[in-house]
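In this text the structure is predicted, and so the values were computed from the model without any measurement. Protein chains get the first letters and strands the later ones, always in sequence-line order, with residue 1 at the start of each.
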There are 4 protein chains.
Amino acid sequence: MTETVAADHLRQLIERIERLEEEKAALAADIREVYAEAKGHGFDSKTMRQVIKIRKMEPSDRQEQDAMLTLYLEALGIPVNDN
Amino acid sequence: MTETVAADHLRQLIERIERLEEEKAALAADIREVYAEAKGHGFDSKTMRQVIKIRKMEPSDRQEQDAMLTLYLEALGIPVNDN
Amino acid sequence: MTETVAADHLRQLIERIERLEEEKAALAADIREVYAEAKGHGFDSKTMRQVIKIRKMEPSDRQEQDAMLTLYLEALGIPVNDN
Amino acid sequence: MTETVAADHLRQLIERIERLEEEKAALAADIREVYAEAKGHGFDSKTMRQVIKIRKMEPSDRQEQDAMLTLYLEALGIPVNDN
DNA sequence: AACGCATAAGTAAGAC
DNA sequence: GTCTTACTTATGCGTT
């Protein structure tokens, strides 16, 4: 029947998604583990996350962002760290 | 030097996380694709997500949840669907 | 100077947003408090949130959603609670 | 009856939350508006958000954060902008 | 064990 | 109109 075909298709799609979600959850767990290990060695997770975010950005984009932020901060008289 | 050792360790941790994040992002993309395919066949993504959430729950937990929701809705005079 | 004008404008916009954000944060705190009070009286927060979500929906939309979910669950052979 | 008392109490709590949520949503809309206005005057929303986040932090916390980030970036050989 | 935090999912708005 | 991006909510995790 048509209903059965549709039901079977739905089931297949759902099961594919569930499998992928499981793998994704496993990776998330792995990532948490690495952060835990890093913490155990004295590294700061939050800073590591910032680093990772920065490494993901194109250098030019990052530069632009930084420049505009500096501009805005100076306009407001907020001291900008000369890192 | 100590700094070098720490730096190397940090780099290794960061790179491990980045690899895992990449794989995770790839899976997320795969999942999106399956939903898109499902949509193309006339299935509703939102409902599919609900189904997946329900399948993930323990039946007893789901039952409890449903019962409490019904209780609250009835207390407020909101008609409850007798599905 | 032009820069000053722009800087002043920027400052005004930023400060307006900050004021609004503060009020918003205060309301969020109030909401958390009400949930805490409710919990203290034996009510379940999660269920309350579901109720609030349902009350926000148009009855017809809610009906449709429910109907489609039931359809999908039945297609997969998952028993549907006759609430 | 006890049920009635509980039901009335529940209703009151729910309605209080709904009122607070409404006000919160209104503020969120106001904030969006200010950003839209800012954008209309040539300001960049994303950068403004960063500025607001920085202004919310304690200067000492911000300093610490920046210092640690610089440390990590240098350890990885990533050039740090001398803002 | 509960609390707050932080990530992740879902939703809604805005840009192209 | 789609598509991404940002906000909001929710869940789960680590912490106390």
Distances for protein N/O vs nucleotides 10-13 of chain E N/O pairs under 3.5 angstrom?
| residue | atom | partner | partner atom | Å |
| --- | --- | --- | --- | --- |
| E/dG10 | OP2 | B/R49 | NH1 | 2.7 |

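Separating the CG atom of D/L20 from the C1' atom of F/dT8 is a distance of 16 Å, rounded to the nearest angstrom. The nearest whole Å value for the distance from the CD atom in A/Q50 to the P atom in E/dA6 is 12 Å. Going from atom NZ of B/K56 over to atom P of E/dA8 covers 13 Å, rounded to whole Å. Counting to the nearest Å, the P atom of F/dT5 and the CG atom of D/D44 are 14 Å from each other. Regarding A/D30, its CG atom lies at a distance of 17 Å from the P atom of E/dT7, rounded to whole Å. For B/K39 and F/dC3, the NZ to C1' distance is 11 Å, given to the nearest whole Å. In this structure, CD of D/E37 is placed 17 Å from C1' of E/dG14, rounded to the nearest angstrom. Here F/dT8 presents its C1' atom at 12 Å from CD1 of C/I31, a figure rounded to the nearest Å.
A/A36 comes within 4.0 angstrom of no nucleic acid atom, judged by non-hydrogen atoms across all strands.
The heavy-atom pair separating A/A6 from B/F43 by the smallest distance is O-CZ, 3.6 Å. Taking each heavy atom of D/E37 and C/L13 in turn, the nearest pair found is OE2-CD2, 3.9 Å. Heavy-atom minimum distance, C/P79 versus B/R62: O-NH1, 3.1 Å.
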If you apply the rule side-chain contact (heavy atoms from CB on, under 4.5 Å), what do you find for B/E23 with A/E23, and how did you get there? CA-CA 9 Å; B/E23 295 177 49; A/E23 295 177 50; over 6 Å; no
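Between B/M68 and C/Q50 the shortest side-chain heavy-atom distance does not fall below 4.5 Å. The side-chain heavy atoms of A/E15 and B/R55, taken from C-beta on, include a pair separated by under 4.5 Å.
For A/K24, counting side-chain heavy atoms from C-beta on, the closest listed nucleotide (F/dT8, E/dA9, E/dA8) is E/dA9.
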